[in-house]
Amino acid sequence: MNIRQELTKIVSGAFEKLGYAPEYGAVTVSGRPDLCQFQCNGAMAAAKEYRTAPAAIADGIAECLRMDKRFSSVESVKPGFINMSLSDAWLAELMNAAGGDDRLTLPLMEPRTIVVDYGGANVAKPLHVGHLRSAIIGDTLCRLARFLGHRVISDVHLGDWGLQMGLVIAEIEREQPELCYFDPDYEGDYPAEPPVTVDELNVIYPAASARSKTDAEFAAKAARATVELQDGRAGYTALWRHVRGVSIADLKRNYGALGVSFDYWYGESDADKYIPRVIGLLRNKKLLRESDGAMVVDTALPEDKEPMPPMIVVKSNGGDMYGTTDLGTILQRVEDWKPDEIWYVVDNRQALHFKQVFRCAALAGLLDNTDCIHINFGTMNGRDGKPYKTRDGGVMRLSDMIGDVTKSAYDKASGSDIAMSEEEKLRVARAVGVAAIKIGDMLNHRTRDFIFDMDRFLAYEGKTGPYLQYTAVRINSLLAKAGEAKVSSGDILPPASGAERELQLSLLSVADALPRALAEKAPNIICEVLFDVAGAYNRFYFENKILTCPEEGRRASWLSLSRLTGDMLGILLGLLGIEVPENM
RNA sequence: GCGCCCGUAGCUCAGUGGAUAGAGCACCCGCCUCCUAAGCGGGGGGUCGGACGUUCAAGUCGUCUCGGGCGUGCCA
């Protein structure tokens, strides 16, 4: 249950009853927790319309609400604030309702079908730290949308069809020209085993990319190979299939280490067969125009403030642009899945590109009541504010980063007071490392550039993933001890202290935070509410000795409240793809 | 040049037009004979880049300005 919505309903009712528009009854969490838990500022806004002193309106509303037993206090303050706090009895009632429900009374929304495109992975290019954000933000948004009741289809949209494939093919040919894939007259079956390993691929692409910058002939060959691959040359296609397969296996391992997965591993190549139809549609609607040998579509609107260059659909050499592939992909998604929304979790820098693509898709009539949304995010920079580099100036592999953080978490686990087996330490280290990385990133608002600081990820102190896990582990340990001692839990009682009341209120606020996080596509909102809950619990835990509490009813209540908190932390961490280890 | 995004504590960042702008780190001081101290409490630290405007009320909205990042047709 969303308490803020519930209170808004109640207060709006009071406004209406007194002859004011109900819209003024909007309730927010109090900005002055020392004064009250919730507030309504509508009286001040209403004052103008009704030409009445705001304080007089607030007095009336407060008077009207005061008789409601669900409030412990309702006050009208100075300029026209309406301050209210929940009665402890109602709070306890809400806690027990949550504790007795699988979803902890968290809301479900009207289901929509949402396709989420994230990851940004390319064939033959290893994932580096720059791929982190799309993967974990996209994964979190998928989990959140699913949890709130939506039908979510995730698609990695693999970069498997562009120039980088031509570069890789050209480089393999340069190194191993004798392979049958390069013989245009070859008529036999192609080998079942790939001619390259992942490790070789990881060397081949950078080498090819570098070569193409200094060797014009090689660059031309790569471009030609790209076109020939797209035209279906048999040998290249067979080789491409191998490279793609080897690459995908490796990508799955790396994403898997982060707990990130995809429903579909479609690639740009899968959009290829839709492209002729896209171009046909554009041509029929007379949207195509020749420009410097390329075919373009004008996407500018008269009201645009920002410059909107034409979008190139067919390059002057006859090849497709990535935007064309994106259009083909939209057609495929709309036909196969009929989504209400398509989300693109992609770097800020492609904002203009997506604006063009979405407009072009609308012009072409590809969108059938489908909203396309670019969920942009900021660049990950190093401590110098420039794009992140390793000490020797190279790009850092995602697998290396995960390895470093996991190693450090392992050392920390080894120094723990808790005795753990070797195997357990490894499991804990993996879970803790991933949590450190994810929270370190997603605590920041997604649209901002942020500083990637390995040392901070390795700190495990304060506002970090491990803090959240530690809180959950503590709770689980407490509940296990209670079980051993046969101490039973029972109804959650009205709070006996400020810390306990704050814990209950923080649990109540989750139901409001999740839809907001989804509406804004902002994982940091989930993180914030997680720290609210975990912090409140840790204060409560410090103040109260739960297992040894002599009052049986109170002890039983505290155990239930602890269980509820643990379940809530589990759900919220689950939305971020973070596991709770058995020990820390 | 034009456009988009961002300037909040020493650092990294939150902040749904409302009351006294919050966290974490770092620094200083406390708390384990008692359920996991990867924890809890306290302290110092701010003209929210600047100016003007809208509003009963601006870190939040608008205009201008300074500083930084990014984008601006045949890579993705």
Side-chain angles (χ1 to χ4, degrees), chain A residues 4 26 28-32 34-35 39 41 44-45 47-48 54 77-81 83 120 122 159 161-164 209 268 291-294 296 304-317 319 321-323 325-326 346-353 355-356 376 378-379 381 383 385-387 409 412-413 415-418 432 440 443-445 447-451 453 455-456 459-464 466-467 469-471 473-482 485 512 516 519-520 524-525 527-528 531 535 538-539 541-549 562 583-584:
Chain A
R4 215 168 53 81
T28 60
V29 173
S30 167
R32 289 289 302 273
D34 53 320
L35 300 179
Q39 67 184 93
N41 305 323
M44 291 176 283
K48 183 171 260 182
V77 179
K78 290 184 271 183
F81 295 104
N83 291 347
N122 287 296
W161 207 232
L163 178 63
Q164 90 267 21
S209 178
E268 294 172 338
S291 168
D292 293 338
V296 304
D304 279 341
K305 210 172 144 192
E306 62 182 311
M308 187 64 64
M311 181 177 138
I312 295 178
V313 176
V314 184
K315 295 195 283 192
S316 49
N317 72 355
M321 282 285 283
Y322 63 124
T325 307
D326 285 340
V346 182
D347 196 283
N348 273 336
R349 290 174 290 195
Q350 291 198 43
L352 180 58
H353 166 71
K355 235 175 240 177
Q356 290 183 302
N376 57 321
T379 314
N381 291 328
R383 291 160 90 159
K386 303 230 168 67
K412 182 95 178 171
S416 165
D417 297 339
I418 310 298
V432 168
L443 193 49
N444 301 297
H445 187 89
T447 58
R448 278 179 59 127
D449 290 352
F450 90 104
I451 307 278
D453 183 347
D455 293 340
R456 250 178 46 233
Y460 308 131
E461 256 166 34
K463 219 166 170 180
T464 64
Y467 172 91
Q469 291 173 310
Y470 180 75
T471 309
V473 166
R474 255 183 167 179
I475 292 172
N476 290 339
S477 164
L478 175 79
L479 294 174
K481 283 219 162 70
D512 185 46
R516 230 173 62 235
E520 295 181 31
N524 68 305
I525 294 178
C527 295
E528 290 297 341
F531 284 105
N538 281 327
R539 284 185 287 277
Y541 179 91
F542 182 80
E543 273 187 16
N544 301 290
K545 294 290 165 259
I546 296 167
L547 289 181
T548 53
C549 173
S562 295
N583 270 317
M584 277 180 83

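Computed from a predicted model, the values in this text were never measured in an experiment. A note on names: the letters A, B, ... follow the listed sequences, proteins ahead of strands, and every chain is numbered from 1.
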* Going by atom types alone, do A/Asn376 and A/Thr447 pair a side-chain donor with an acceptor below 3.5 Å? -> no
* Asked: Rounding to the closest angstrom, what is the interatomic distance between B/rC6 and B/rG41 at atom P?
  -> 33 Å
* Measure from the side chain of A/Tyr467, starting at C-beta and using heavy atoms only, and say which of B/rA38, B/rC40, B/rU36 lies closest. => B/rC40
* Asked: Got a minute to check which stems RNA chain B is part of, using Watson-Crick or G-U wobble pairs under 3.5 Å, three or more consecutive?
  -> B:1-7 with B:66-72, B:10-13 with B:22-25, B:27-31 with B:39-43, B:49-53 with B:61-65
* Asked: Quick one: does A/Asp292's side chain have a donor or acceptor within less than 3.5 Å of a partner on A/Ala294's backbone?
  -> no
* Looking at B/rC74, B/rU36, B/rA23, which one has an atom nearest to any side-chain atom of A/Tyr470? -> B/rU36
* To do: Please examine the side chains of A/Ser562 and A/Ile546, heavy atoms only from C-beta on, and report whether any two atoms are closer than 4.5 Å.
  => yes
* Answer yes or no: does a side-chain N or O of A/Lys78 lie under 4.0 Å from OP1 or OP2 of B/rG18? => no
* Measure from NZ on A/Lys545 to P on B/rU36 and round the result to the nearest Å. => 10 Å
* To do: Tell me which nucleotide among B/rU36, B/rC70, B/rA23 gets nearest to the side chain of A/Ser477.
  => B/rU36
* To do: Check every atom of B/rC35, B/rA19, B/rU8 against the side chain of A/Phe81 and return the nucleotide holding the closest atom.
  => B/rA19
* Rounded interatomic separation in angstrom, taking CD1 from A/Ile451 and P from B/rC6 -> 16 Å
* Considering only atom C1', compute the distance from B/rG69 to B/rC56 and round it to an integer number of Å. => 38 Å
* A/Ser316 near the nucleic acid: base, sugar-phosphate alone, or nothing, with a heavy-atom cut-off under 4.0 Å? -> base
* Over how many whole Å does the gap from A/Leu443 atom CG to B/rG15 atom C1' extend? -> 13 Å
* To do: For nucleotides B/rA9 and B/rG15, find the distance between their C1' atoms and express it as a whole number of Å.
  => 15 Å
* Verify side-chain contact (heavy atoms from CB on, under 4.5 Å) between A/Arg456 and A/Thr464, making sure each step is shown before the conclusion. => CA-CA 9 Å; A/Arg456 250 178 46 233; A/Thr464 64; over 6 Å; no
* Do A/Gln164 side-chain atoms and A/Asn122 backbone N/O form a donor-acceptor pair below 3.5 Å? -> no
* Asked: Start at the 5' end of RNA chain B and walk down; is the nucleotide closest to A/Tyr541 or to A/Asp34 reached first?
  -> A/Asp34
* When the distance from CZ of A/Arg516 to C1' of B/rG15 is rounded to whole Å, what number comes out? -> 10 Å
* Asked: From B/rC40, B/rC35, B/rA38, pick the nucleotide closest to the side chain of A/Leu547?
  -> B/rC35
* Asked: Short question: side chain of A/Asn524, backbone of A/Asn444 - any donor-acceptor pair under 3.5 Å?
  -> no
* Asked: Does A/Thr447 put a side-chain nitrogen or oxygen below 4.0 Å from OP1 or OP2 of B/rC5?
  -> no
* Determine the interatomic distance between P on B/rU65 and the same-named atom on B/rC2; round to the nearest Å. => 10 Å
* To do: Please work out if A/Ala45 contacts a base, only the sugar-phosphate, or nothing of the nucleic acid, heavy-atom cut-off 4.0 Å.
  => base
* Would you mind classifying the nucleic acid contact of A/Val314 as base, sugar-phosphate or nothing, using non-hydrogen atoms under 4.0 angstrom? => nothing
* Just compare B/rC74, B/rC35, B/rA19 and give me whichever is closest to any side-chain atom of A/Asp292. => B/rC74
* **Trace of the ring-ring contact (aromatic ring centres under 6.0 Å, His included) decision for A/Tyr322 with A/His353** => CA-CA 10 Å; A/Tyr322 63 124; A/His353 166 71; 4.0 Å; yes
* Is the backbone N or O of A/Tyr460 less than 3.5 Å from a side-chain atom of A/Tyr467, with the two atoms forming a donor-acceptor pair by type? -> no
* Identify whether the distance between the nearest side-chain nitrogen and carboxylate oxygen of A/Lys463 and A/Glu528 falls below 4.0 Å. => yes
* Asked: Looking only at side-chain N and O atoms, does A/Lys315 come under 4.0 Å of OP1 or OP2 in B/rC75?
  -> yes
* Does the side chain of A/Asn348 come under 3.5 Å of the side chain of A/Gln350 through a donor N or O and an acceptor N or O? -> no
* Among B/rG39, B/rC56, B/rU12, find the nucleotide with the atom closest to the side chain of A/Met44. => B/rC56
* **Nearest-nucleotide pick for A/His445, side chain only, options being B/rG15, B/rG73, B/rU72** => B/rG15
* Whole-angstrom distance between B/rU60 and B/rA21, as gauged at atom P -> 15 Å
* B/rG10 and B/rU55, which share atom name P, separated by this distance in whole Å -> 35 Å
* Donor-acceptor pair under 3.5 Å: do we get one between A/Tyr322's side chain and the base of B/rA76? -> yes
* Asked: When you check the phosphate oxygens OP1 and OP2 of B/rA37, does a side-chain N or O of A/Arg474 lie under 4.0 Å from one of them?
  -> yes
* To do: Determine the Euclidean distance between corresponding P atoms of B/rC25 and B/rG43; express it in Å to zero decimal places.
  => 15 Å
* Can you tell which of B/rA14, B/rA38, B/rC56 lies closest to the side chain of A/Glu528? -> B/rA14
* Syn/anti label of B/rC32 as read from its glycosidic torsion, with the cut at 90° from 0 -> syn
* Structure fact -> Whole-Å distance, A/Arg448 CZ to B/rC70 C1', equals 15 Å
* **Side-chain-base donor-acceptor pair under 3.5 Å for A/Thr379 and B/rG69** => no
* Structure fact -> Residue pair A/Thr28/A/Met584 against RNA chain B: nearer the 5' end by closest nucleotide is A/Thr28
* A/Asp417 CG - B/rA38 C1' separation (whole Å) -> 10 Å
* **Interatomic distance, A/Leu352 CG vs B/rC5 P [rounded to whole Å]** => 13 Å
* Any donor-acceptor N/O pair under 3.5 Å between B/rA76 base and A/Asp326 side chain -> no
* Where the side chain of A/Lys48 is concerned, which of B/rU12, B/rG18, B/rU55 is the nearest nucleotide? -> B/rU55
* Write down the distance between CD1 (A/Ile312) and C1' (B/rU72), rounded to a whole number of angstrom. => 13 Å
* Asked: Do the side-chain N or O atoms of A/Asn381 get closer than 4.0 angstrom to the phosphate oxygens (OP1, OP2) of B/rC70?
  -> no
* Asked: Counting only N and O atoms by type, is there a donor-acceptor contact under 3.5 Å from the side chain of A/Gln356 to the main-chain atoms of A/Met308?
  -> no
* Expressed in whole Å, how much space separates the C1' atoms belonging to B/rG39 and B/rC34? -> 15 Å
* Can a side chain N or O of A/Asn348 be found less than 4.0 Å away from OP1 or OP2 on B/rC70? -> no
